Amino acid sequence: MSSTLDTPTAAAPADGPGGSPQRRARRGLPGGGLLIGAVVPVLLLALWWLVTEVTGTFTAIQLPAPQAVLSAGVGLFESGDLFEHMGISLQRVLIGFGIGAGLGLALGSLLGLSAIADKLLNPTVGAFRAVPSLAWVPLLLLWVGIGEDSKVILIAIGAFFPVFTAIHSALRHVDAQLVEAGRAFGFHGLRLLGTVQLPAVVPSVFSGLRLGLAQAWLFLVAAELLAAAEGLGFLLTESQNNGRTDRLLLAIVLLALLGKLTDTLLGVLERKALKTWA
Amino acid sequence: MISPASTLTATSAAAPAEASSAPPETAAPSRRDYTSLDVELSGVGRAFGSRTVLRDVSLRVAPGEVLAILGSSGCGKSTLLRAVGGLDTGNTGEILINGSPVQRYDERTAVGFQEPRLLPWRSIHKNVSLGLPRSLSKAEGRERVDELLKLVGLHDRASLRPREISGGMAQRASLARALARRPGVLLLDEPFGALDALTRLKMQDLLLDVHAQTGTTVLLVTHDVDEALQLADRVLLLGPDLAEPHPAEGATIARLISVPGQRPRDRASAELAALRGELFSGLGVDSHSH
Ligand SMILES: Nc1ncnc2c1ncn2[C@@H]1O[C@H](COP(=O)(O)OP(=O)(O)O)[C@@H](O)[C@H]1O
Ligand SMILES: [Mg+2]
């Protein structure tokens, strides 16, 4: 009976010399992967520098040089505008994502666990999901105005659906045998939820959250492009209107960095959660 | 694997004086901590839609008895077991445990399923704790789980996750979880069915040890005639009633056989061979082909 368990330890010395180089190579991959992954971006950067600074194929309006983008960043940093734009955008995303994901988790759990709530509400939620979310923009502007609220609401709408869908369908597919075992040992209601159902859906919930976060950034840019006086999306339109392609590129780079940063933080949380729950 | 306990049972008949000194002081819960309850079925039936699966099952299982439930695949063995545990409530007739009707997910029973059904994200120790009654304090619960893990020989695997242990170990963990509430009636649904032959024999020995130490009533569903003969006091064969000329739809008690001899039984005995033949023919199998 112990044989299955013993296999790894028993096998380890057996493949000793033959196996270890392979294992070293595999262990070397993460660092090596990072290096390999940097090759193309570095080449692109070099190409960018080549066609702007060296050959002058593009004008500064069409495509400013890398240094120009950098100094645009330094300029905005010195005037204090840089952190203002980044801060307000980040704030909108975090609040909107928090609200949207929170509602998605709550409603998704309700519909995923209660057959009655599912029958009652799922058609309605499905109908709302069928509306391309940006179609709400004119209505939001009309009802809520151009202020912070309409932007946060739009971002929340964007974050809501991926999270809702993920937890809803995951809860409907939790292993029925595990749930029955839980019930057989006296768990029901919230205790059953916390002991069996929620832990079982943690992996899907996190992939839903990460999708929702990406959607939140997408909708932030949409909201700020349409109507804003500050924020990275505003920086995009303003730079376009002023012909400041350097700032425009800077805004794009900053959006990518912030998006990646928040996603990485969520990824760290995910890994911690998966360690405990998966 | 199962050694300390299994040697104990093996020797206890021959040398009862030694038996009490044999278990290590760390070990097993004492028998008086457990209660064994009787189960009384009267006219139990179950239909799914218009299809009758079980009908008119009546028998009494004595406290501490091991009853094997045998029958061909799909004849309603699990259905009967689930009714006794209150996992399924759609049956007709009456099921009494210790004189009172079975409740939904009855706390006096515990189920060992055919699959281990362990929570993959919990350690073995925490999985077994799942079976503890709510009334226990944390410390008492810990102690009981430690005890049970020793009983099933998993105390050194307590911190592992289910995917890190073998199928046989997972099934033992599942058995320990079922024992954690000290059930008056232990319901086992083909618990060893998915295991390889050698592991299955070891698990049968383990079950005998557990029964010797806890004395709990056991209803064991199996499709393995030899397993039934090895473990049970009586064997209930579910199937069409052969006494009737035109048996009605649904399985009932086709045979109810008392198995002679003390456990562990000699697998090769002639008496068992005769019973084996009878059970095989009850299952509609020609016993010479085995
Ligand atoms: N929940 C259910 N709904 C409908 N039919 C069921 C249900 N549970 C069991 N059955 C049917 O009842 C019969 C007996 O099933 P079961 O008790 O699981 O058989 P087994 O003897 O193999 O354990 C089978 O034909 C099965 O299809
Ligand atoms: Mg079955």
Side-chain angles (χ1 to χ4, degrees), chain A residues 1-12 109 112-115 166-167 170-209 268-278, chain B residues 1-2 82 85-88 103-107 109-122 126-135 152-154 156-157 160-161 163-172 174 177-178 180-181 183 187 189 195-196 198-203 206:
Chain A
M1 249 170 290
S2 62
S3 61
T4 336
L5 196 91
D6 289 341
T7 316
T9 27
S109 308
L113 291 169
S114 154
I167 190 166
L171 279 174
R172 310 231 81 194
H173 294 107
V174 172
D175 186 347
Q177 292 193 332
L178 285 187
V179 175
E180 187 188 51
R183 288 188 201 282
F185 288 104
F187 289 80
H188 51 84
L190 281 180
R191 290 179 53 93
L192 186 68
L193 179 67
T195 312
V196 180
Q197 285 142 324
L198 278 188
V201 302
V202 163
S204 343
V205 166
F206 267 97
S207 48
L209 285 174
V268 170
L269 264 183
E270 178 180 20
R271 231 165 301 135
K272 273 205 175 138
L274 289 185
K275 241 187 187 162
T276 337
W277 300 115
Chain B
M1 269 321 335
I2 314 161
R82 294 166 57 83
L87 271 62
D88 173 45
Q103 308 285 311
R104 191 115 177 89
Y105 303 114
D106 202 298
E107 285 181 13
T109 69
V111 188
F113 299 95
Q114 177 162 10
E115 322 76 23
R117 300 199 189 180
L118 303 172
L119 300 181
W121 54 86
R122 285 195 170 206
K126 290 196 104 184
N127 261 293
V128 174
S129 322
L130 221 65
L132 291 169
R134 303 280 166 273
S135 55
V152 300
L154 284 178
D156 52 347
R157 318 277 190 203
L160 296 181
R161 298 281 175 93
R163 64 165 165 274
E164 297 172 307
I165 61 175
S166 68
M169 291 180 183
Q171 212 43 279
R172 282 189 270 154
S174 160
R177 181 182 59 185
R181 54 163 60 167
L187 304 169
D189 191 353
L195 303 176
D196 65 88
L198 183 62
T199 309
R200 191 157 68 226
L201 290 182
K202 290 181 175 173
M203 291 294 293
L206 173 66

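In what follows, every chain begins at residue 1, and chains take the letters A, B, ... in the order their sequences are listed. Computed from a predicted model, the values in this text were never measured in an experiment.
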Toward chain A, the part of [X] with a non-hydrogen atom under 4.5 Å:
| X | result |
| --- | --- |
| B:R82 | side chain |
| B:L195 | neither |
| B:R117 | both |

With rounding to the nearest 0.5 angstrom, report the [atom1] to [atom2] distance, [X] to [Y].
| X | Y | atom1 | atom2 | result |
| --- | --- | --- | --- | --- |
| B:F113 | A:E180 | CZ | CD | 4.5 Å |
| A:F187 | B:R134 | CZ | CZ | 4.0 Å |
| A:H188 | B:R104 | NE2 | CZ | 11.5 Å |

The interface call for A:V196 against chain B, heavy-atom contacts under 4.5 Å, is both
Turns out that what part of A:T276 lies under 4.5 Å from chain B's heavy atoms comes down to backbone
Minimal heavy-atom distance between B:L130 and A:T195, with the atoms involved, is CD1-CG2, 3.7 Å
In short, A:F185 meets B:A110 closest at the heavy-atom pair CE2-CB, 4.4 Å
Of A:V202, A:L178, A:L274, the largest count of non-hydrogen pairs under 4.5 angstrom with chain B goes to A:L178
Discussion item. Could you check whether atom CD of B:E107 has more than 12 heavy atoms from other residues, nucleotides or ligands sitting under 6.0 Å from it?
Written reply: no
